Amino acid sequence: MNTWPGLEIIRRLESYTTYGKPSAPLIVGRIAGVEAIFLARHGEGHKIPPHGINYRANLKALADAGVTQVIAIAAVGAMAPWFAPGEIAVPIDLVDYTHGRAHSYSDGEPGSKLEHVEMTHPYTPALRSALFIAAGHAEVTVSGQGVMAVTQGPRLETPAEIQRLLRDGCDMVGMTGMPEAALAAELGLGYACIAVSVNWAAGLSPAGLGIHDEIHASIEAGMSKVQRLLAAALPGLAG
Ligand code: HPA
């Protein structure tokens with residue numbers, strides 16, 4: 001996705017940070033009359049794999065542009081029975097299974113300082129609350145629970161891996177939630193995620209459907225809910 005369907009575009013901002021270039025130009029615009037910036041984390045044409053995303057540049061470019069609150073939209077596989085494809089959720093916690101990603105601004109480079117950022121609330125409580133209030137106004141059903149597993153990708157998981165994530169207490173699985181959440185915390189940005197269930201995780205589909213067929217069948221319904229939710233939420237976040 002190069003831009004967001006509900007975004008009235010004002011300008012494109014090419015930016016460069018000390019950590020390199022973000023995945024794509026920042027798209028500055030308005031959603032429901034409120035200024036917002038869209039950044040396609042997989043790049044224009046959706047070509048950058050989850051492990052190849054320059055998360056540090058993405059978050060830094062947003063912060064440099066004046067962003068203070070980030071709402072991450074993530075298509076995920078569902079593990080919890082309450083999270084059927086087409087449903088959306090605002091997860092409350094996460095488990096990081098990624099590796100080898102540039103995951104911190106505390107990297108020991110000259111000028112960086114060592115910070116042990118707190119992750120007790122990986123998703124900002126006030127931002128999550130604002131999303132629930134907006135969901136009520138927009139009459140969009142959104143689940144307020146869920147632990148996100150973040151895997152390395154780009155391959156999908158094996159059924160045994162999904163059983164392990166379930167034993168770890170995870171409810172959904174995606175590939176981009178980390179280090180994004182931790183970097184947002186290091187920069188002091190508010191951060192919440194709207195997770196869109198697009199398939200049952202490997203080995204869990206009651207209908208035995210292939211994962212890609214499930215994604216194809218459910219993504220539009222989920223994304224239209226996200227659009228309605230965002231349009232309702234932004235006016236409450238302005239200022
Ligand atoms: N696993 C990991 N990431 C995903 C999935 C999945 O099943 N579906 C969408 N993103």
Side-chain angles (χ1 to χ4, degrees), residues 1-2 4-5 23-24 38-43 45-55 58 70-101 103 122-123 142-143 145-184 191-227 229-230:
M1 199 176 276
N2 291 343
W4 183 252
S23 299
F38 177 82
L39 172 55
R41 64 158 90 71
H42 289 285
H46 204 89
K47 293 200 176 109
I48 308 175
H51 61 284
I53 293 171
N54 188 339
Y55 294 94
N58 283 355
V70 177
I71 300 174
I73 297 158
V76 300
M79 294 187 285
W82 49 261
F83 200 28
E87 300 292 328
I88 64 173
V90 175
I92 192 163
D93 206 345
L94 60 82
V95 182
D96 185 9
Y97 299 92
T98 67
H99 49 85
R101 303 181 179 189
H103 64 283
Y123 301 110
V142 49
S143 175
Q145 56 186 330
V147 175
M148 168 93 79
V150 189
T151 55
Q152 179 74 351
R155 69 165 178 85
L156 293 157
E157 300 73 32
T158 66
E161 285 169 336
I162 292 300
Q163 291 304 317
R164 172 190 170 209
L165 302 184
L166 277 166
R167 287 193 298 277
D168 284 356
C170 300
D171 298 297
M172 62 192 81
V173 54
M175 301 174 186
T176 56
M178 283 294 277
E180 211 172 70
L183 293 167
Y191 182 86
C193 174
I194 304 176
V196 186
S197 169
V198 291
N199 59 278
W200 291 110
L204 298 183
S205 170
L209 273 184
I211 286 181
H212 292 292
D213 291 337
E214 263 177 357
I215 292 175
H216 192 68
S218 66
I219 195 157
E220 234 171 77
M223 283 300 176
S224 82
K225 288 182 192 168
V226 180
Q227 261 186 65
L229 176 54
L230 271 187

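Any value given below was found using the heavy atoms of this structure, including those in side chains, with hydrogens, waters and symmetry copies removed. Ligands are counted one by one from 1 in listed order, and the atoms in each one are counted from 1 as well. As the structure is a prediction and not an experimental result, all values here were calculated from the model. Positions are given from 1, in the same order as the sequence printed here.
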Residues 162-174 side chain polar contacts: donor-acceptor under 3.5 Å, at least two apart:
from: D168; atom 1: OD2; to: Y97; atom 2: OH; distance (Å): 2.4
from: D171; atom 1: OD2; to: V147; atom 2: N; distance (Å): 2.8

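Atom CD1 of I73 sits in a crowded spot, with more than 12 heavy atoms from other residues, nucleotides or ligands closer than 6.0 Å.
A 4.5 Å side-chain heavy-atom check between V196 and M223 finds at least one atom pair inside the cut-off.
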Using a cut-off of under 3.5 Å, which N/O atoms of ligand 1 pair up with protein N/O atoms, and what distance separates each pair?
from: ligand 1; atom 1: 1 (N); to: E157; atom 2: OE1; distance (Å): 2.8
from: ligand 1; atom 1: 1 (N); to: E157; atom 2: OE2; distance (Å): 3.3
from: ligand 1; atom 1: 3 (N); to: V173; atom 2: O; distance (Å): 3.4
from: ligand 1; atom 1: 7 (O); to: N199; atom 2: ND2; distance (Å): 3.0
from: ligand 1; atom 1: 8 (N); to: G77; atom 2: N; distance (Å): 3.3
from: ligand 1; atom 1: 8 (N); to: N199; atom 2: OD1; distance (Å): 2.7
from: ligand 1; atom 1: 10 (N); to: A75; atom 2: O; distance (Å): 3.2

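With sequence neighbours left out, D213 forms a side chain to side chain donor-acceptor pair (under 3.5 Å) with no residue at all. Applying the ring-ring contact (aromatic ring centres under 6.0 Å, His included) test to H46 and every residue at least two apart in sequence or in another chain returns H42.
Here the shortest heavy-atom pairing between H51 and G153 reads ND1-O, 4.2 Å.
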